[in-house]
Structures are given as structure tokens and as C-alpha cells.
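Just so we're on the same page: letters track the sequence lines, and every chain starts at 1.
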Amino acid sequence: MHIPDGYLSPKTCAVFYAAMAPVWYVAARKVQKTLQAKQIPLLALSAAFSFVIMMFNIPIPGGTTGHMTGGVVVASVLGPWAAVISLSLALTIQALLFGDGGITTLGANCFNMAFIMPFAGYYVYNIVTTGSPGQRRRWAALFIAGYVAMNIAALAVAIELGIQPIIASSPDGIPLYAPYPLSVTIFAMAASHLLFFGLIEGLGTAMIVSYILKTNEAMLYKPAANPLKPLWIALIILIILTPLGLLAKGAAWGEWASEELIALLGYVPEGLKGLEGLWSSIMPGYNIPGFNSPVKSAAGYIISAALGSGLIVLIIYLTGKIWKKG
Amino acid sequence: MEKGIKIPDWLKNTGAPCSCCSIGRGKGFLEKNLEAIASFLKEVLEPEEFANRRGLLQAIDPRAKLLGMTLLITAAAMLKNMPALAGFIALAAALAAVSKITASALLKRVWLVLFFTFVLVLPTAFNFVIAGDPMVTLFSVNHHALYISRQGLEGMAILILRVAAMVSLVSLFMLSTSYPDVFRAIRSFPVPRIFIAALAMCFRYIMVLIKIAEESHLARKARTIKPSTVKEGGGWLAKRIWLIMERSLETAESVYLAMTARGFTGEVKTITQFEMKGRDYAWIGFAIFVLLLAVQL
């Protein structure tokens, strides 16, 4: 799960550092608001706790053992935002002092394990335990939360590694960073995490948190009412529906490319012609370069939509924050 | 033998090893965790020895050293050809030599990730992953052939060399810098002070929590006669993890109270005066030069 130095291209590393910067900022502000001056020792200790959990071998059926990342355990005690910071601190210590995971890839590793994992686990747990769950459902919810969170994080790792041959290859097709295409990385990560690592994470999460539930429930994080939930659900539905756009013919009104402008007007206005080459996006046409078949194209469309909408939500959220402050 | 001590039956019946799985033999999670804790403590203490030696990297201010190393790592990340990457490994070896860091200490930190990378990318040398010009043909039947392609081999070499170069440089920084200096170095980077304070404190308390974990595992190991079942073992470990969590939250509270008693109001203040010396400038200049070269290559 920890991506070492050298596997991701500098561009990818920069993108993930940039993506994590606002997450860290918002997390720090949220934590500051709720924990105030207590935050430093509490974050330090919970980061130390995350680090120690990651070291433990958890016994699993069959007599073997495996490691867990503990992202969901930390999120269930501290809440997802504080978990972002303490897991990031733990990952930083691992990368800096012990060489687990790279320095250049720290942004990506934090994105996968300190952002996606606690949030995915937290929301999955809340969705499964809606209503008034009994002890069994809670146990199951914890297992599913750990399992799903681990697999979503693994999918993120697979995508990060799998896009490397597309974005960084030498002219004669030699991959410069992680060499396997998406089809291989997704299969490999899915197989190992669906069958093995996800189970360890799920089992570990269920064991630890259900013990806390039994003995000292007050230790667990209590979320305030979440008015954002319907928004999230609507957003997810929209993202899933976006491939419908593929069925519609023609370009969206006002979004004509040069060729379409020629067909419509017979010429391209000079001013537009000059501007066209100015910005070539990372995912031209809402697609990931190299995704040509219809199925892949739909997948690319979903990924593009998820990233795009995530980015927009983030921008709106940050603007709101700054607005409120001003 | 039977005269003095009579071993009760329940103690003799320790549960025969299961023939179909590994229950009852080999190392259980207790032994593995104790081993992990021991190797962790060894790993923590080892770099201190090298950091105290008199060498080139040890003489450079930790802040300048971190900046320089970051530039060098960025340069290594950008390189696109094998000779340049090999040059970086030679540079890392030279830096290790002039900093009196032994090859074995450096290799110990690098070999695992290198081995992992090698196994991971080995299939890419063959034409079924990366097709290209055949170099060594293993077999060829009709139109199907299995061969090692030049492109595949080159891609594999580039990734292994890049990982070797980057991980060696990071390891050199860690081996030549003591822990307090590492945190002092990060402080001069544009990272909020709260994070740095929490990071340094986190490192300190990892030791405290590890000690609790070690003691509880040793106590359990000392009282273990027959291997526990998965359910028992899991239950026990869940309790220990809960104990560690409770201790960490309690300690956080006490530390906070102790800090408040000493006048802490939530703002982190540090006494850091950054005075660059000639050799620090030279080191950063060298790193920038290498980075610029790497951009050109």
C-alpha cells in the first residue's frame, strides 16, 4: 500500500501534494475548532497510536497473520478529519524515519491511506448502521467499513500506478515509472485486497472497535447531525449517471471544438484560434488518454467526472470558508 | 525424572500442530509482533551512531542538507535514461563514503524495497507485457514467441535504478542526521508549526506506546503454554490495542495539562536561528546544479 519513491512520475507526485494541501488545511481548521489547544498532544498521541497499529500483526483464520493500516479504527475514535491529520503524521514518520513509502510519493500515500480510507470507512459505517443497529449489525458494519475502505484505497493506488505508462513513457514506448497498465494494476490490487488485505482490515477494525463499543462507547467519535449527506448521495448519483452524456450526440452548446466551429460557421474566429492551443487539459474531452474502447471510455468518463466534481465541491467549500471568514 | 515433578496432563496436551494449516507451529502473532518491536527499536537506535560520525554530510546544517537532498531526489525522479540514473547511484555511494556511512548500513535500508521492485517488474522484461525488439528468444512456436524485449529490459532497469537512487539518497539523509535534527530541519520548511510540533511529539510517544505494547506481549508470551485460537488471539490483541489507545488518550490529556501548567496557550514557539555557512551554500548550490542538469537530460 505504501508507494515507494521512484514509482510515480514527478507530475503525479505534484498533483497529489496539491490535492492534499486543501485537505490538510480544512482538516487542521476543523480539528482546531473542535480540539483547540489540546490538539497538539492529542494528534501526536493518536498519530503514535496509528503508527503502532500499523506495526501489529493481526491473527487471521488459517493460522497466518497480516498487517492492517487502522485508518477506519482511528476515524471511528477521532472522527474522519482528525484521522486525516494523525494518519498523515504517522505516514510522514514512516516515510522519513523508516523508509516505508517514499518522500516524493508521500502526498499520494496520504491521499490513499489518510484521506480516502478514513472517509470511506466512516461513511460506509454510518450508512450500514442507519436506524437502530444491534450488536451484530454493528460488528458487520465495522467489518464492511474496513473491507470497503481498504479496497477503495487499493483501487486508488491501482489507478495511480496504472496511469504511469500513459503519462510518462519514453518516445519508443519504454515506461519510465511504474510499468504496468491499468488493466494489470487494477486486477492485481483488486485480487489481493478483495481476497486478503481487505479481510484483514475488516476483521481488525471489527475486533478493535467492537471491543471499544462494548467497554467504553464514550471513547468513540460522535458526529453532529450531517446535513451534507443528501448532497453527497445526489453527487454520487450524478457521477454514476454521467456516462449518459456519451449517448447524447454532438457537442454541448457553446463548447464547440475547432472542427465543429468550421462545420457551423465555416471558419474559426482568429481570436479563438490563438487561444485554442493555450491549455491542453490533463484529460482531454473528459477522458483519460489511452482509454479508447467504449467500456474503458465510460470508466474514464466516470473517473473524470468524479475528479472534476470533487474538485469543484472542494473549490466551493474553500470559497465558502474564506467568504465566511471575511 | 518422574520422581520429583509430575507434569499434569493438561500441560502435556499442548495441542498438536495442525497438518493442514500453520496453527500450532511456526511463529504466531505474538512472536511476530515482538520481533517487529525489537527490529523497530534497533532501526531507531542504529542511525544515531552514523549521525555522530565526522563526515561530509554530518557537517552540513540539517536544514541545508534536507533542502539539498530534496532537490537531488527531485532530480532523480525526473531523469529519463539509465547512465544518468547510474550516475546518481555513484553519487550516493560517493556521499556515503565521504560521510563514513558503511555500505552494509545503506544496503540494509535499501535492499528490501529494491528486491520488491525487482520481483514486481520482472515480468515486464518479457514480450507479453512490453513487446519490442527481441533480445533473447526463449522459445518460438509457429507465430507465438516468448522473448525478452530490449524495451522491457530497459524499462525494468530504469525503474530499479531510479528506486535505488532515490531510496539511497533518502536513506543517506536519515543515516547522517540525528532525530532531533530531522525535526529541526523540517521546521524551516513551509509546514505549519503545529504539524512539526505534533510530529516530533508523535515520534517521542511512539517509543512510549511501543514500550507498553512490548511489555503486554512479553507478559502474554510468558504465560502462553499452547497457541491460542484465532478468536482468543484476536480478542486479546483487540483488548491490548484498546489499552494502548486508552493510554494514548490519557497521556495526551496529561501532556496537555503539563503544557498548560508551563504556559502553553496553543501557539507553538521555537528557538531556531538559521545561519548558513559557506559549506551549506556550496551544498545547496551543488544540488541545484544537479537538478538543472537533470532537467536538461
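Looking at A:Val184, neither its backbone nor its side chain comes within 4.5 Å of chain B, counting heavy atoms on both sides. Contacts of A:Ile212 with chain B are made by both backbone and side-chain atoms, with heavy-atom separations under 4.5 Å. Only the side chain of A:Thr104 comes within less than 4.5 Å of a heavy atom of chain B; its backbone N, CA, C and O stay farther away. Only the side chain of B:Ile186 comes within contact range of chain A, judged by heavy atoms closer than 4.5 Å. Heavy-atom distances place the backbone of A:Ala178, and not its side chain, under 4.5 Å from chain B. B:Leu30 does not touch chain A: none of its heavy atoms, backbone or side chain, sits under 4.5 Å away. Heavy atoms of A:Phe51 lying under 4.5 Å from chain B belong exclusively to its side chain. For A:Pro4, the part sitting under 4.5 Å from any heavy atom of chain B is the side chain, from C-beta outward, and nothing else. Proximity to chain B (any heavy atom under 4.5 Å) is shown, for A:Ser50, by neither the backbone nor the side chain. Both the backbone and the side chain of B:Val121 come within less than 4.5 Å of a heavy atom in chain A.
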request  = Please test A:Leu45 against B:Leu249 for side-chain contact (heavy atoms from CB on, under 4.5 Å), starting from the C-alpha separation and ending with a verdict.
outcome  = CA-CA 7 Å; A:Leu45 262 301; B:Leu249 295 179; over 6 Å; no

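Note: B:Ile241 leads B:Ile241, B:Thr177, B:Val163 in heavy-atom pairs under 4.5 Å with chain A. Top candidate by heavy-atom pairs under 4.5 Å with chain A, chosen from B:Met201, B:Met166, B:Arg109, B:Met245, is B:Met245. Interface check for chain B: of the options A:Pro175, A:Ala44, A:Gly70, the most heavy-atom pairs under 4.5 Å are formed by A:Ala44. In terms of non-hydrogen atom pairs under 4.5 Å with chain A, the most contact-rich of B:Gln151, B:Arg240, B:Arg150, B:Arg247 is B:Gln151. Looking only at heavy-atom pairs under 4.5 Å with chain A, the residue among B:Ile158, B:Leu199, B:Leu209 that has the most is B:Leu199. When each of B:Ala213, B:Gly155, B:Ala238, B:Ser248 is scored by its heavy-atom pairs under 4.5 Å with chain A, the top score falls to B:Ser248.
In terms of heavy atoms, A:Tyr177 sits closest to B:Leu79 at OH-O, 4.3 Å. Nearest heavy atom pair, residue B:Met78 against residue A:Pro10, reads CG-CG, 3.7 Å. Contact between A:Trp24 and B:Phe195 at its shortest, heavy atoms only, is O-CZ, 4.4 Å.
Here the CZ atom belonging to B:Phe183 is positioned 4.5 Å from the CD1 atom belonging to A:Ile93, to the nearest 0.5 angstrom. Considering CG of B:Leu66 and CG of A:Leu96, their distance stands at 7.5 Å, rounded to 0.5 Å. Atom-to-atom distance recorded for B:Ser171:OG and A:Asp5:CG is 9.5 Å, nearest 0.5 angstrom.
Counting heavy atoms from C-beta outward, A:Ile103 and B:Thr70 have side chains that stay 4.5 Å or more apart. When side chains are defined from C-beta on, B:Lys239 does not count as touching A:Thr215, because their heavy atoms never get closer than 4.5 Å. B:Leu159 is listed as a side-chain neighbour of A:Pro179, based on a closest heavy-atom distance under 4.5 Å. By the 4.5 Å heavy-atom criterion applied to side chains, A:Pro41 and B:Tyr205 are not counted as neighbours.
Under the 30°/60° scheme for interplanar angles, the aromatic rings of A:Tyr211 and B:Trp242 are found to stand perpendicular.
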